[in-house]
Amino acid sequence: MKALCWHGTKDVRVETVPDPKIINPRDAIVKITSTAICGSDLHLYDGWNPTMQKGDILGHEFMGEVVELGSGVKNVKKGDRVVVPFTIACGSCFFCQRTLWSLCDNSNPNAWMAEAEMGYSPSGLFGYSHLTGGYAGGQAEYARVPFADVGLFKIPDGLSDEQVLFLTDVFPTGYMAAENCDIQPGDTVAIWGCGPVGQFAIRSAYMLGAERVIAIDLVPERLQMAKDGGAEVLDITEVEVGEALKEMTGGIGPDSVMDAVGMEAHGFGLEGFYDRVKQAARMETDRPNVLRQAIVACRKGGTVSVPGVYTGFVDKIPMGAFMNKGLTMKTGQTHIHRYLHPLTERIQNGEIDPTFLVTHRLPLEQAPHAYEIFKHKQDNCIKVVLKPGQVA
Amino acid sequence: MTQNIKVEKTVTINKSPEELYRFWHDFENLPRFMKHLKAVEVKDAKRSHWITSGPLGGSVEWDADITEDQENELIAWKSIDGADVNHSGSIHFKPASHGSNSAAPNANRGTQVKVVMAYNPPAGAIGDAIAKLFGEAPEQQLGDDLRRFKMLMETGEIATTEGQPQGQ
C-alpha cells in the first residue's frame with residue numbers, strides 16, 4: 001500500500017510499504033477513505049520528538065471501511081464505515097472503566113519509555129512516535145486498528161466523510177477543552193489559538209452555554225473563521241492581549257481561559273531533557289507565553305483549560321498568580337471514545353457542520369506538499385484532508 | 001563474574017485474586033508474558049521444569065518445586081537442591097480495595113500483585129549466562145513481564161506493534 005513515512009526533520013515521503021495485517025485477536029484492518037493532517041503532526045514533522053524512527057507512518061485522524069477483522073471483534077463487520085479515535089483504549093482497565101480512555105493502561109507497548117519521563121504512561125496513539133506506542137498511523141491506504149471492538153465507531157447512514165472525520169480528534173478535543181472550562185451561564189471564555197482545535201472549542205463553548213467567546217490569534221483567515229463561529233477576536237499583533245481582555249470584560253477578566261496552542265516546540269526525549277528544553281526555549285520564546293499570558297489574564301477563581309500539547313517541561317510558569325488567584329487547571333489528551341455518540345448526535349441534529357474547517361482536499365500522494373503549506377500557513381491553509389486512492 | 005539478583009515489583013490488575021491466582025498457578029502459562037522463559041513443563045502438583053533462553057540460542061534449564069501455596073493469596077517456588085541455577089520466586093495476591101461497597105461500584109480496583117524473584121547464579125558459564133540474561137535492568141525486566149501479565153489478564157492479549165508495516 002501507499003503510506004506517508006517520516007524520514008527526518010521536514011522529510012516525509014509517500015512510499016510503498018507492506019499492507020498491514022491482523023496481529024492480535026481484537027485488531028481490525030480499515031481501508032482509509034479520508035485522513036487529515038493535525039497541527040500536532042507538525043511537531044513530528046519539525047523533528048521535535050526524538051522517539052520517531054525513520055519509516056514511521058504518520059497520521060492519527062482517519063476513517064474508512066472495515067476490510068478485515070480479528071476473531072475477537074464482533075461489534076462491527078466487514079464493509080462498515082467507521083471512524084477511528086486517535087487514542088487507543090482497551091476498554092477494560094481501571095482508566096477505561098472510568099471513561100478516561102486516553103489514559104488506558106494497556107495500549108502502549110512502550111509504556112516504559114513514557115514512565116521514565118512522566119511516572120506513568122498515557123494510552124497508545126496512532127502515528128505519534130514510539131513514546132506512545134509506535135503504532136503505524138493512518139496517512140495511508142490501510143491501517144491496523146488494535147482494540148477495534150472498543151475503538152471503531154460505526155457511522156450512521158447519511159453522513160459524509162467530512163462531516164464525521166473530525167470526530168477522530170479535533171472536534172472532541174475542542175469540545176472536551178470547552179467542557180474543561182466549567183462554563184456557567186453568563187461566562188466569557190478566552191481562547192488562545194484559532195487552529196482546528198480552537199475553532200471547535202469556540203463552537204463547543206457556545207453549545208455549552210458560554211455567553212461570549214473571545215478568540216486570540218494572529219493569522220487573518222483563522223481569525224475570520226473564529227468570527228464566523230461567533231467569537232469576538234483579538235489579533236496579538238495589534239493589541240496587548242491581557243489589557244484588551246480586561247477592558248472587554250469590564251475589568252474582571254475572562255471566567256475561563258484556554259491554551260489551544262501548546263508548546264509545540266518543546267518535544268524532547270528521555271535523555272538530556274533540560275539542555276534541550278533550554279535550547280528549545282531560546283529558539284521559541286513566544287510559545288510558553290500563551291500559557292503564562294492565559295494564567296495572568298484569567299479572572300480570580302477561574303479555570304485554565306489546556307488542550308494544547310505539551311510533552312516535557314516549561315520554564316517560568318507564573319505559579320504565584322495561579323495559586324493566589326485560586327485558579328483550577330484542567331488538561332489531558334482527549335477521551336475521544338466518550339464523545340463519539342453525543343457529538344455525532346449534534347452533527348445529525350444540525351447543531352454543527354464540521355465541514356466548515358476543511359480548506360484543502362488533496363490526494364495522499366501530495367501529502368509532502370500538504371505538510372509544507374500547512375506548516376507555513378500558505379494558501380490560507382487551515383485543515384487538509386487527504387484522500388488515499390485518489391489520483392494525484 | 002556473577003552476582004546475586006533479587007527484584008520485587010507490584011502491579012494492580014483489574015481482575016479478582018481468584019482469576020489471577022488460577023492463571024499463574026499453571027506455570028505453563030508463564031512463558032506467554034515472561035520474555036526470557038522459553039517453556040515451563042508442569043510435572044506434578046509440586047514440581048515443574050523451567051527452560052530459559054541462554055546465550056547463542058542455547059538454553060538454561062532447572063527443576064523447581066512449589067514451596068508454599070495458599071489459594072488466592074500466595075504461591076512460592078524454589079529450584080531444587082543441586083539445580084544448575086539457584087532460583088526462587090513468589091507471587092502475592094491482595095484485593096486492591098477493602099470491602100465491597102455496592103453504592104460505590106468504582107471502589108473495586110482489582111488485585112495488587114507483588115512478585116519477588118531471586119537468582120543466585122553459580123560461578124562458571126551457566127552463571128554468566130544467567131547473570132547476563134537477568135542482570136541488565138532486572139527491575140525493568142520484571143516490570144515489563146508484569147505489564148504483559150496485566151495486559152493479558154485485562155484484555156486477553158498483549159499490545160504490540162511487531163509485524164506492522166513501516167517505510168524503508
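Labels below follow one simple rule: chain letters A, B, ... track the order of the sequence lines, proteins then strands, and each chain is numbered from 1. Side chains are part of it too, since the values below use all heavy atoms of this structure and drop only hydrogens, waters and symmetry mates.
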OG-CE distance between A:Ser92 and B:Met153, expressed to the nearest 0.5 angstrom: 11.5 Å
More than 12 heavy atoms of other groups within 6.0 Å of B:Asp44 CG: yes
NZ (B:Lys43) with more than 12 external heavy atoms under 6.0 Å: yes
Residues, nucleotides or ligands: over 12 heavy atoms within 6.0 Å of A:Lys154 NZ: no
Rounded distance (nearest 0.5 Å) linking atom NZ of B:Lys150 with atom CG of A:Asp105: 3.5 Å
Over 12 foreign heavy atoms within 6.0 Å of NZ, A:Lys10: yes
Min side-chain heavy-atom separation B:Gln166-A:Glu15 under 4.5 Å: no
Heavy-atom side-chain proximity of B:Glu154 to A:Phe94 below 4.5 angstrom: no
Within-4.5 Å side-chain heavy-atom neighbours: B:Glu157 and A:Pro25: yes
Main-chain N/O of B:Thr155 paired with A:Arg26 side-chain donor or acceptor, under 3.5 Å: yes
Spacing of B:Gln164 atom CD and A:Asp27 atom CG [to the nearest 0.5 Å]: 10.5 Å
Which atom of B:Ala159 lies closest to which atom of A:Pro109, heavy atoms considered: O-CB, 3.6 Å
B:Asn14 side chain reached by A:Gln97 side chain, heavy atoms, under 4.5 Å: yes
Straight-line distance of A:Ser107 OG to B:Met151 CE, nearest 0.5 Å: 7.5 Å
Between A:Ala3, A:Cys5, A:Ala111, A:Cys90, the one whose heavy-atom pairs under 4.5 Å with chain B are most numerous: A:Ala111
Heavy-atom proximity to chain B below 4.5 Å, by part of A:Asn110: neither
Top contributor to chain B contacts, counting heavy-atom pairs under 4.5 Å, from A:Pro146, A:Ala143, A:Gly124, A:Gly134: A:Gly134
Side chain A:Asn24, main chain B:Ile158, donor-acceptor under 3.5 Å: yes
Value rounded to 0.5 Å, distance of CD in B:Gln168 from OG1 in A:Thr16: 9.5 Å
More than 12 heavy atoms of other groups within 6.0 Å of B:Lys38 NZ: yes
Smallest separation among heavy atoms of B:Pro165 and A:Val17, with atom names: CB-CG2, 4.1 Å
Contact class of B:Ile13 relative to chain A, heavy atoms under 4.5 angstrom: neither
Donor-acceptor pair, side chain of A:Lys21 and main chain of B:Gly163, under 3.5 angstrom: yes
